[in-house]
Amino acid sequence: MPGDTLVVLNNVDTVAIPDSPMAYKGSLPPLRPVEAAGGVDPVWLVLGFFLLLFVGGPLLARFWKRYRHRRLQREALEGLDSNYAKYDEWLAGYNNYYKSLDTPLRKRFLLRVIEFMETKHFEYIDITPDEKMPLLISAAAIQITFGLDKYLLDFLDTIYVLQHDYHYGMYKTPFVGHVNRNGIYLSWDNFLRGFADDSDGDNVGIHEMAHALAYVNFMADENDGEDDEFKERFRAFSQVARPIFENMQQGGDTILDGYAATNYNEFWAVSVETFFEKSLRMKVQMPELYNALCTLLRQDPLLEGKLQENTLS
């Protein structure tokens, strides 16, 4: 699917985060001189300020992160209680991965879906919003991250939903979806088409969420969505995947769509599509790549419960 993905890293947009006392030079109010013996030396006040900033700042950030996560989980639980029947029916009607889960795993999946929705702003461009849209799009993200500890794709706060193929920037080829630092872009027609046939290896929702997962971990600024364990496992995945990708670039044939040979980012996204949509064929014809994806994503689509045992905690 030519033109479906764009990764934009624009240095102009990047905001430098102050990381040393020099970055705050001139931002402090003037300190009064010590007026009496035994007073506090202004130098110690300044040092104390920066000690509090650099020691207390990370602690405050971790506290805020835990508080935010617990609040979102609480809101997700409340949303799950009041909307479970409706959401369960919608997802079972559109997403066969979800439909195959037993009741406890469906609840785990839906809880993550609702939590994901709470963290995103959905922007609708030339399309009438529908309540199913954020639910189904969020489910695509949770499907590929279901075995991961970090599944909210932090840093990418906005999801843009368009009706049809669209043009972006100066590119002449229409897009069906793409990811950049501004968010995730999806064309709704193509999104629905991808889940209508989940055996053809063509699913723009899965494809773009795979790009989003890679973007958060490898291309975005430092963010809460980075998963060090995932990044370490990705290196092991690449030891298997890179030779296959390079062979495809030399004209080698696999069950992967030929678009995978465009670049390594596309190889990754197409591999994830195939992993979920042609699971059995991939396991039989490309067992090393299939097993590498199982290890990386900590799940196996061919298992009844999907998740590896060590993820069920």
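No hydrogens, no waters, no symmetry mates; every other heavy atom, side chains included, goes into these values. From a predicted model like this one, the values you see are computed outputs, not experimental measurements.
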If I compare all heavy atoms of [X] with all of [Y], which pair ends up nearest, and what's the gap?
| X | Y | value |
| --- | --- | --- |
| L256 | M286 | CG-SD, 4.1 Å |
| F155 | D221 | CE1-N, 3.9 Å |
| W268 | H211 | NE1-N, 4.2 Å |
| L302 | K283 | CD1-CD, 3.6 Å |
| N217 | G225 | OD1-O, 4.0 Å |
| A139 | L91 | CB-CD2, 3.6 Å |

ask   = Where do Y94 and F195 land on the ring-ring contact (aromatic ring centres under 6.0 Å, His included) test, with the steps shown first?
value = CA-CA 7 Å; Y94 282 90; F195 281 98; 8.7 Å; no

Does either side chain, that of [X] or that of [Y], offer a donor lying less than 3.5 Å from an acceptor on the other one?
| X | Y | answer |
| --- | --- | --- |
| Y264 | S238 | yes |
| D197 | S199 | yes |
| D189 | H164 | yes |
| Y97 | Q299 | yes |
| N180 | Y168 | yes |
| Y98 | D88 | yes |
| N203 | D198 | no |

Would you compute the distance between atom [atom1] of [X] and atom [atom2] of [Y] and round it to the nearest 0.5 angstrom?
| X | Y | atom1 | atom2 | answer |
| --- | --- | --- | --- | --- |
| L105 | F109 | CG | CZ | 10.5 Å |
| D165 | F175 | CG | CZ | 11.0 Å |
| L110 | T103 | CG | OG1 | 11.0 Å |
| T274 | H207 | OG1 | NE2 | 10.0 Å |
| E288 | L293 | CD | CG | 12.5 Å |
| C294 | Q308 | SG | CD | 6.5 Å |

Going by heavy atoms in the side chains, are [X] and [Y] under 4.5 Å from each other?
| X | Y | result |
| --- | --- | --- |
| E123 | H121 | yes |
| I127 | M133 | yes |
| V161 | I125 | no |
| I184 | L186 | yes |
| L213 | L153 | yes |
| Y160 | T158 | yes |
| I144 | V272 | yes |
| L135 | V113 | yes |

So that I can tick it off, tell me whether [Y] and [X] are bridged by a salt bridge, with the cut-off set at under 4.0 angstrom between side-chain N and carboxylate O.
| X | Y | value |
| --- | --- | --- |
| K306 | D300 | no |
| K278 | E273 | no |
| R235 | E232 | yes |
| D224 | K150 | no |

Has the side chain of [X] got a donor or acceptor atom that lies under 3.5 Å from a matching backbone atom of [Y]?
| X | Y | result |
| --- | --- | --- |
| E277 | D202 | yes |
| R112 | T145 | yes |
| S187 | V176 | yes |
| E226 | N223 | yes |

inquiry  = Is there a path of hydrophobic side-chain contacts, each under 4.5 Å between heavy atoms, that joins L303 and L297?
reply    =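 No, it is not one cluster - the side chains of L303 and L297 are not joined through contacts under 4.5 Å.
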
[atom1] ([X]) with more than 12 external heavy atoms under 6.0 Å:
| X | atom1 | answer |
| --- | --- | --- |
| D126 | CG | no |
| E229 | CD | no |
| K99 | NZ | no |

key: Residue pair H178, Y166: steps toward the ring-ring contact (aromatic ring centres under 6.0 Å, His included) verdict   = CA-CA 10 Å; H178 75 275; Y166 57 93; 5.7 Å; yes

inquiry  = Go through it in stages, so that I can follow the logic: the residues are K86 and E131, the test is side chain to side chain contact (heavy atoms under 4.5 Å, CB included), and I'd like the CA-CA distance, side-chain angles, deciding distance and then a yes or no.
reply    = CA-CA 11 Å; K86 176 173 65 175; E131 193 177 357; 2.8 Å; yes

key: Six-ring centre of F146, R108 cation under 6.0 angstrom, axis tolerance 45°   =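 Yes, R108 sits over the ring of F146.
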
Test: K120 cationic atom under 6.0 Å from F116 six-membered ring centre, within 45° of axis =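 Pair K120/F116 counts as cation-pi.
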
request  = Assert yes or no for the condition that the ring centre distance of F275 to Y290 is strictly below 6.0 Å.
outcome  =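 Yes, close enough.
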
request  = Decide yes or no on side chain to side chain contact (heavy atoms under 4.5 Å, CB included) for F230 and L296, but give the supporting numbers first.
outcome  = CA-CA 7 Å; F230 173 85; L296 175 60; 3.5 Å; yes

request  = Quick one: do Y151 and E115 satisfy side-chain hydrogen bond (donor to acceptor under 3.5 Å, both in side chains)? Show the steps, please.
outcome  = CA-CA 10 Å; Y151 49 88; E115 192 176 351; 2.8 Å; yes

ask   = Hey, what's the ring geometry for Y87 with W90, parallel, tilted or perpendicular (30° and 60° as the breaks)?
value =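 Judged by the thresholds at 30° and 60°, the geometry between Y87 and W90 is tilted.
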
query = What's the verdict on side chain to side chain contact (heavy atoms under 4.5 Å, CB included) for M209 and Q143, showing C-alpha distance, side-chain angles and the deciding distance?
reply = CA-CA 9 Å; M209 292 306 173; Q143 181 171 331; over 6 Å; no

request  = Give the intermediate values and the outcome of ring-ring contact (aromatic ring centres under 6.0 Å, His included) for residues F234 and F218.
outcome  = CA-CA 10 Å; F234 196 94; F218 299 107; 5.0 Å; yes

task = Using the salt bridge (Lys or Arg N to Asp or Glu O under 4.0 Å) rule, take R298 and D149 through it: C-alpha gap first, then chi angles, then the decisive distance, then the call.
result = CA-CA 10 Å; R298 299 173 70 197; D149 293 330; 3.6 Å; yes

ask   = Going through the checks in order, is the side chain to side chain contact (heavy atoms under 4.5 Å, CB included) test met by Q285 and T254?
value = CA-CA 8 Å; Q285 297 182 30; T254 73; over 6 Å; no

Residues 242-250, side-chain donor-acceptor partners within the protein, below 3.5 Å, at least two apart:
unit_1: Q249; atom_1: NE2; unit_2: A261; atom_2: O; d: 3.2

